[in-house]
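Residue numbers start from 1 in every chain, and the chains themselves are labelled A, B, ... in the order their sequence lines are given, proteins ahead of strands. Heavy atoms only: backbone and side chains are in, while hydrogens, waters and symmetry mates are out.
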Protein chains: 2
Amino acid sequence: MPEDAATPKKRKRYSPEERRRMIVEGAIEFFAENGFDGSTHQLAKYIGVTQPLIYQYFPSKEDLIEAVYSELFQGRWNDEWDGILADRSRSLEDRLTDFYQRYCAVIHAPDWIRVFLYSGLKEMDITQRYAPLVEERAIRRICIEARDAFGLPGLDKVPLSHEEFEAAWMLHGGIFYYGVRRFVYRVPVEASTEKLINASVKLYLEGVGGVAKSIGLSVS
Amino acid sequence: MPEDAATPKKRKRYSPEERRRMIVEGAIEFFAENGFDGSTHQLAKYIGVTQPLIYQYFPSKEDLIEAVYSELFQGRWNDEWDGILADRSRSLEDRLTDFYQRYCAVIHAPDWIRVFLYSGLKEMDITQRYAPLVEERAIRRICIEARDAFGLPGLDKVPLSHEEFEAAWMLHGGIFYYGVRRFVYRVPVEASTEKLINASVKLYLEGVGGVAKSIGLSVS
DNA sequence: AGCTTAATTTATCGATTGATAATTGTAAAG
DNA sequence: CTTTACAATTATCAATCGATAAATTAAGCT
């Protein structure tokens, strides 16, 4: 008969791999909600283990956060996405819609958006490396494909301008900001992610021709 | 001759109003950098006062944060901005550019962007009230003026659609995201704020006509 | 079953947290 | 120059933080 009537408190033994996974996934949810300043004591309670157990799997809180960050962001950039953007057998509208549909399936989640912002605000070095990744493999590629789709000169003729970069960043930022509105400010959003992407891609494609013209690019 | 050779430590007396202002402004910078979990001890050191002094001016840390939030966001929405957007004697491109130029002069600062995100993540109630303010006084107004500028039916004929709202939110989000890239992820941005706004407004105006057409709106 | 390994817990540490009370010192009033 | 009001300090608190060591117990092996 236990002292606390309602606490049978059966202790469960998991394999180190399984327990480690449980801790990391619990930490993702917990840190997404409470930020990285959330205490390891509260985290342990949230997961359902004792606090010292966390230190059996991670030498310090810093290492746990690194594991969270690695699990969330590293390797979640699917290499197939690059191929989708570059596949010129499809219309650019199709490709952009497809790409952002898949991209949003990953990033438009409260855990992803919130942890991403928390880590950015804490200026963990890994976050500073994510923006260049996006710029190189999404933004730049989109600019290149837009040049091709509108019959504009290639990069060998005219290098990409600030204006073209900013147009693509605006598409990207607008879609990202949708996630911020939903999961940070938690305001009701009218449109579904699908509709938002359709509208954003349309807006970008409608607008990018005019942007190109205004900076003196002409069809070859 | 003081014990610590390099610490003359002359005590300065300020008026309560002045000292309060010093604390709030110091807190804005400090919390923008360290988040609201930054300790009052470190904050006091940052300001150059002792920690208990803060509690002479604010009954709790919560109240200090409220003062920071109030100082940063309340009343910084200039009422003249509404007039700028609605002034139909100017072209819509002019008005949008002018509006976002002034708006960005306020929000595109590390303190503003970072505190705004921190407070959003902490889900302080006041943040949830800011998005509706923006939607009512900027987004909605932009949609209405776009209808007028493109000769589309008024709100009495056809209510604003999700697509039109999302187009305006994308403009807004793209511009906001520029601040996130600069002050949260601290990546070098190619274009100046001015160029970004010009490009974004152009992109929006070029695109919004196509969006309107795609949802079945026709010129009256 | 009994033994053994190691996964998990209890107990505890010094440092730091938000917050309070008592003391000190400055600048204006007389 | 002395007095006095109150701004600002030092000293201190219980609670909570990240982290460690020792004790406990569940599960695989023989």
Side-chain angles (χ1 to χ4, degrees), chain A residues 1-4 6-28 30-31 33-69 118-119 122 124, chain B residues 1-4 6-28 30-31 33-69 118-119 122 124:
Chain A
M1 180 189 315
E3 208 168 17
D4 191 341
T7 337
K9 209 177 245 180
K10 242 195 294 186
R11 193 195 282 194
K12 186 75 197 292
R13 270 169 87 104
Y14 290 94
S15 73
E17 299 77 29
E18 198 168 357
R19 184 62 96 182
R20 191 192 146 95
R21 197 185 46 76
M22 289 170 69
I23 292 175
V24 171
E25 293 197 358
I28 288 176
F30 179 79
F31 286 139
E33 203 56 39
N34 303 92
F36 293 120
D37 291 317
S39 74
T40 55
H41 294 259
Q42 287 181 319
L43 167 60
K45 187 182 289 181
Y46 178 81
I47 300 176
V49 298
T50 56
Q51 182 250 2
L53 185 63
I54 295 173
Y55 284 86
Q56 198 115 23
Y57 290 89
F58 300 94
S60 72
K61 188 183 178 182
E62 189 70 22
D63 288 284
L64 171 59
I65 291 175
E66 206 66 37
V68 164
Y69 204 95
Y118 269 124
S119 60
K122 281 269 169 185
M124 330 208 72
Chain B
M1 179 186 316
E3 208 168 16
D4 191 341
T7 336
K9 208 176 247 181
K10 242 195 292 187
R11 191 195 284 193
K12 187 74 197 292
R13 268 171 87 105
Y14 290 93
S15 71
E17 299 77 31
E18 199 168 356
R19 185 62 96 182
R20 192 193 146 95
R21 198 183 46 76
M22 290 170 68
I23 292 174
V24 171
E25 293 197 357
I28 288 175
F30 178 80
F31 286 139
E33 203 55 39
N34 303 92
F36 294 120
D37 290 318
S39 74
T40 56
H41 294 259
Q42 288 181 319
L43 167 61
K45 187 183 287 180
Y46 178 82
I47 300 176
V49 298
T50 55
Q51 183 251 1
L53 185 64
I54 295 173
Y55 285 86
Q56 199 117 22
Y57 291 89
F58 300 94
S60 73
K61 188 184 180 183
E62 188 70 21
D63 289 284
L64 171 60
I65 292 174
E66 206 67 35
V68 164
Y69 204 96
Y118 269 125
S119 60
K122 281 268 169 179
M124 332 206 71

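For D/dA7, neither phosphate oxygen OP1 nor OP2 lies less than 4.0 angstrom from any side-chain nitrogen or oxygen of B/R19. The phosphate of D/dT16 has neither OP1 nor OP2 within less than 4.0 Å of any side-chain N or O from A/S39. One finds no side-chain N or O of A/Y55 lying less than 4.0 angstrom from the OP1 or OP2 phosphate oxygen of C/dT8. A close approach under 4.0 Å does occur between a side-chain nitrogen or oxygen of A/Y57 and OP1 or OP2 of C/dT8.
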N/O contacts under 3.5 Å, protein versus nucleotides 23-25 of chain D?
unit_1	atom_1	unit_2	atom_2	d
D/dT24	O2	A/R11	NH1	3.1
D/dT25	O4'	A/R11	NH1	3.2

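Atom CD1 of B/I65 is separated from atom C1' of C/dT17 by 13 Å (rounded to the nearest Å). To the nearest angstrom, P of D/dA7 lies 14 Å from CZ of B/R20. For the pair A/K61 NZ and D/dT16 C1', the interatomic distance rounds to 12 Å; values are reported in whole Å. Rounded to an integer number of Å, the gap from CD1 of B/I54 to C1' of C/dT17 is 13 Å. Going from atom CE of A/M22 over to atom C1' of C/dT8 covers 12 Å, rounded to whole Å. Between A/N34 atom CG and D/dG18 atom C1' the separation is 16 Å, expressed in whole Å. For B/K12 and C/dG25, the NZ to P distance is 18 Å, given to the nearest whole Å. Atom pair B/Q56:CD and D/dA8:P shows a separation of 8 Å (rounding to whole Å applied).
Closest of all the heavy-atom pairs between B/A67 and B/R20 is CB-NH2, 4.1 Å.
A/S15 comes within 4.0 angstrom of nothing in the nucleic acid, heavy atoms only.
Remark: A/D37 does not engage B/K122 in a salt bridge, criterion side-chain N to carboxylate O under 4.0 Å.
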Query raised in the report: side-chain contact (heavy atoms from CB on, under 4.5 Å) between B/T40 and B/Y55: does it pass, once the steps are laid out?
Result: CA-CA 9 Å; B/T40 56; B/Y55 285 86; 3.7 Å; yes
Query raised in the report: Would A/F58 and A/I65 satisfy side-chain contact (heavy atoms from CB on, under 4.5 Å), going step by step from the backbone distance to the final call?
Result: CA-CA 9 Å; A/F58 300 94; A/I65 291 175; over 6 Å; no
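Ring geometry, B/Y118 versus B/F36: the interplanar angle exceeds 60°, so the pair is classed perpendicular (tilted spans 30 to 60°).
A cation-pi arrangement is present between B/K12 and B/Y14 under the rule of less than 6.0 angstrom and at most 45 degrees off the ring axis.
How far OG of B/S15 is from CZ of B/R21: 8.5 Å, rounded to the nearest 0.5 Å.
The stretch residues 41-53 of chain B comes close to DNA chain C through B/H41, B/Q51, B/P52, each having a heavy atom under 4.0 Å from the strand.
At least one side-chain heavy atom of A/R19 sits less than 4.5 Å from a side-chain heavy atom of A/V49. Using a 4.5 Å cut-off on side-chain heavy atoms (C-beta onward), B/L64 and B/L43 make contact.
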